[in-house]
Amino acid sequence: MSAANTTPTPPAPAPSDFIRDIVAQHVAEQRYAKIVTRFPPEPNGYLHIGHAKSICLNFGLARENRGQCNLRFDDTNPVKEDIEYVDSITADVQWLIAGWADQCLGFKPKGAHPAAQTVDGKPDYFLPAIEPSALSAQHSAGSAAPAAEPFFASDYFEQLHNYAVELIQRGKAYVCDLTPQETDEYRGAPDKPGRESPYRQRTVAENLDLFARMRAGEFPDGARTLRAKIDMAAPNVWLRDPLLYRIRHVAHHHAGSGWCIYPLYDYAHCLSDYLEGITHSVCTLEFEVHRPLYDWVLENLGLPRPLPHQYEFAKLNLGYTIVSKRRLLQLVNEQVVTGWDDPRMPTLSGLRRRGIPASAIRAFVTGLGVTKFDSVTEVAVFENAVRNDLNAAAQRRLAVLRPVKVVLTNLPAGETIACTATNNPQDEHPTTRPLALTREVFIEADDFAEVPPPKYFRLKPGGEVRLKYACIIKLDEIVKDAAGAVTELRCTAQLDTRSGQPNADKKVKGTIHWVSATTCIDAEVRLYDRLFTVPEPAATEDFLKVVNPHSLEVVTAKLEASLACATADDRFQFERLGYFTLDPKDSQLSAPNAQPKLVFNRTITLKDTWAK
RNA sequence: UGCCCGAUGGUGUAAUGGUAGCACGAACGACUCUGACUCGUUCUGUCUAGGUUCGAGUCCUAGUCGGGCAGCCA
């Protein structure tokens, strides 16, 4: 059974925050027929843990109000975007919400564009999501996979263009010939009003003609722009005749080669929301000063349907972590990591490959709350959510990372003693598996000390320790090679201390893990540690200088034989060590005519309160 | 220094004019065939100054500190 997708969502306390309160009030007032939110990434990088907060908020809002949340690519800048990112983002979102908010995910019919309609006698465009019931109906009808895809702002270029023409006709927008440098100068400064462009008073006819010629490709990049006519003296600089369209003679990864003018965020985003019937447009704090512009565009077009509104919250900052697509791209480009999905990366792909369940990420971000306070969350909170999830989900196994050989001198070679191990003591009705104790076993190097520190519970000269699920052993003799290195520990096994035997209840202070030297298998195990050495890497002068040089250590470990059948969906706890999972990329489970190659990633260590 | 936003233990948050609570963390202890889990005890908080009020973390004013905004990025 796969632990990856069956981890039950923890009994989440009904979240409450200022945005949910607003939505709840709108629901109570019946302001909208249905709550519709959206998650609008730009396809210029992979999604990371910070996006998880936004995804869970937007999909949570939809889920809690029987609404919908559209996945929409905010792809209005073709020079920075790529189809690779469209695919990874789509997969990551679906992974994160799987089993939780699948029914809320808004897709549109493949290839669909907003349809012209009439509302209250006014022309309008609308592109609603496919009803989830329609999607599942197609499934059960046995037809091919429903032809659905995410939303793309670039699918609205035609409508956006029509709205721009409308704005020009209303005298609310004009074509400006200022160069980029001049535009900056004319804008003024936050504490100094700007100056009006000399092109501001062009006639509607002139603007219409020029805008048409912009679209027709008559002018080079940067020669002209379309600008909103608002107020060059506004204290909010985003209201100083902001740019609506710029000229870029490049093809678009989704829209093709039909355009050489592309809309800017502030113009495209609010209208994309409107076209999809979004009711609550939730974004991060840095867009707060853009909200008046969001409202201005919609209000000045006289649109017939209820308008969406923007609400802002503080994005996630995590200790010892970089949450910035630009900087993560740098880590990839400079090969500090092996790729966007390197298990040390805070990307959703990296976390997934590392073995962190989606349910743990959801529990983590849900517990954070939603506020307008710019904060930094300690990694311990995230790690706690991961351990919490995995403790309940993971199958226990025995594995030795740094082996030391132990010989049980009173056990004849070739004899095996059958033991029984518990798969997960957290289960209500735990299952078991057989384990074989043999004359030679491996134990963890850390679990033996010739000169033990105070309060050392493990194996020491003359001391006793329990081999978990087997019996108590006593260390009689330490064998070393010529160089003085320990080669073998000779012990006596107290077989009557096994479960079910007369002395089973004998207590020793320490219990350690082990594997049979004759039946164990070898595997590569990758031990990950945090990628940065300081709590706020983004705040340092050069974050590449605080990369942890020990973020990855690779060992060849000895694993109990049952692990040979592991699958990439399994989550394991190697007892007393931590949580591990098969690396889905580098493991070769069914290599023809060859031994399967097992590569395990350490997801996270167990908590260790025995400080060393 | 123009505009906008924010401030509750070490960290993240709750309390919507009426007992400052929860989680993480830390310390100690109990339990333990995982030094895990679980359980128990303890620790630390309303930025400052005024005002309104029977009563203020909450409302008002001023200040302090922090964040954001001057891309033809999103």
Side-chain angles (χ1 to χ4, degrees), chain A residues 13 16-18 21 40-42 44 74-77 79-81 176 178-180 183-184 187-194 221-227 234-240 242-248 262 264-266 268-269 283-292 312 314 319 325-326 367-385 387-388 391-392 396 398 421-422 425-426 455-458 465-472 497-499 504-513 535 573-578 605-611:
Chain A
S16 166
D17 53 66
F18 78 102
D21 290 347
E42 184 187 15
N44 65 347
D74 216 344
D75 55 352
T76 58
N77 185 6
V79 306
K80 286 192 174 181
E81 299 157 6
C176 180
L178 254 24
T179 66
T183 306
D184 277 354
R187 186 158 31 228
D191 55 344
K192 263 191 298 208
D221 286 5
R224 291 180 215 264
T225 57
L226 183 73
R227 302 179 68 176
N236 181 342
V237 295
W238 289 101
L239 258 18
R240 321 242 264 225
L243 275 58
L244 269 24
Y245 272 89
R246 81 285 226 186
I247 300 172
R248 288 279 179 278
Y262 291 98
L264 280 110
Y265 169 85
D266 288 294
H269 199 92
C283 62
T284 47
L285 249 28
E286 66 266 30
F287 293 101
E288 214 162 12
V289 288
H290 295 241
R291 181 163 16 108
E312 310 88 12
K325 271 197 263 185
R326 185 178 63 77
L368 254 28
V370 179
T371 67
K372 300 187 75 160
F373 179 63
D374 191 20
S375 60
V376 182
T377 298
E378 291 180 343
V379 255
V381 181
F382 177 60
E383 293 173 343
N384 177 259
R387 291 191 178 106
N388 214 21
N391 179 45
R396 313 290 126 124
L398 298 185
T422 304
Q426 304 290 323
K455 295 246 189 106
Y456 189 80
F457 298 164
R458 287 107 98 147
V465 81
R466 178 177 284 278
L467 295 183
K468 178 129 194 181
Y469 304 124
C471 62
I472 292 170
T497 60
R498 287 142 67 212
S499 179
D505 290 338
K506 178 173 174 182
K507 302 293 180 196
V508 283
K509 201 65 182 157
T511 299
I512 64 175
H513 57 278
Q573 182 197 104
F574 292 174
E575 295 213 37
R576 301 208 312 129
L577 295 173
T605 62
L606 249 30
K607 218 201 276 183
D608 185 4
T609 49
W610 191 64

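As a basis for the values below, the full set of heavy atoms in this structure was taken, side chains included, without hydrogen atoms, waters or symmetry mates. Chain A is the first sequence line, chain B the second, and so forth, proteins listed ahead of strands; every chain is numbered from 1.
When the C1' atom is used for both G6(B) and U46(B), the distance is 15 Å, rounded to whole Å. When the P atom is used for both C60(B) and G67(B), the distance is 25 Å, rounded to whole Å. Comparing C24(B) with C65(B), their C1' atoms are spaced 26 Å from each other, to the whole Å. Rounded to a whole angstrom, the distance from the P atom of C59(B) to that of G66(B) is 23 Å. Nucleotides U58(B) and C47(B) place their P atoms 8 Å apart, quoted to the nearest Å.
The side chain of D184(A) lies closest to G71(B), out of G35(B), C73(B), G71(B). Out of G2(B), C4(B), G35(B), the shortest distance to the side chain of E288(A) is found at C4(B). Of the candidate nucleotides A74(B), U34(B), A36(B), U34(B) has the atom nearest to the side chain of Q573(A).
Anti is the glycosidic conformation of G57(B), whose angle departs from 0 by more than 90°.
As judged by a 4.0 angstrom heavy-atom cut-off over every strand, K507(A) is placed among residues touching the sugar-phosphate backbone only. Note on L606(A): a base of the nucleic acid sits closer than 4.0 angstrom, heavy atoms only. Residue P425(A) is in base contact, counting any heavy-atom pair closer than 4.0 Å across all strands shown.
For A26(B), the paired base is U42(B) (Watson-Crick or G-U wobble, both distances below 3.5 Å).
At U34(B), none of the side-chain N or O atoms of R396(A) fall inside 4.0 Å of OP1 or OP2 (strictly under the cut-off). Contact annotation: R246(A) side-chain N/O to G71(B) OP1/OP2 distance is not under 4.0 Å.
For the pair D374(A) CG and C65(B) P, the interatomic distance rounds to 18 Å; values are reported in whole Å. In this entry the distance linking CD of E312(A) with C1' of A74(B) reads 15 Å, nearest Å. For the pair F373(A) CZ and G68(B) P, the computed distance is 13 Å after rounding to whole Å. Per the geometry, CG belonging to L264(A) stands 6 Å off P belonging to C73(B), to the nearest Å. Across the protein-nucleic acid pair, E383(A) atom CD and C37(B) atom C1' stand 17 Å apart, rounded to whole Å. Rounded to whole Å, the distance from CZ on R187(A) to P on G2(B) is 20 Å. In this structure, R240(A) places its CZ atom 13 Å from P of G2(B), rounding to the nearest Å. Atom C1' of nucleotide C69(B) and atom CG of D266(A) are separated by 12 Å, given to the nearest angstrom.
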query = How does protein contact run along nucleotides 14-27 of chain B, one letter per nucleotide 5' to 3', with B for base contact, S for sugar-phosphate only, - for none, heavy atoms under 4.0 Å?
reply = S-B-------SS--
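Judged by ring centres under 5.5 Å apart and planes tilted less than 30 degrees, Y265(A) fails to stack against the six-membered base ring of A74(B). You can call F457(A) stacked on the base of G35(B); the centres are under 5.5 Å apart and the planes sit within 30°.
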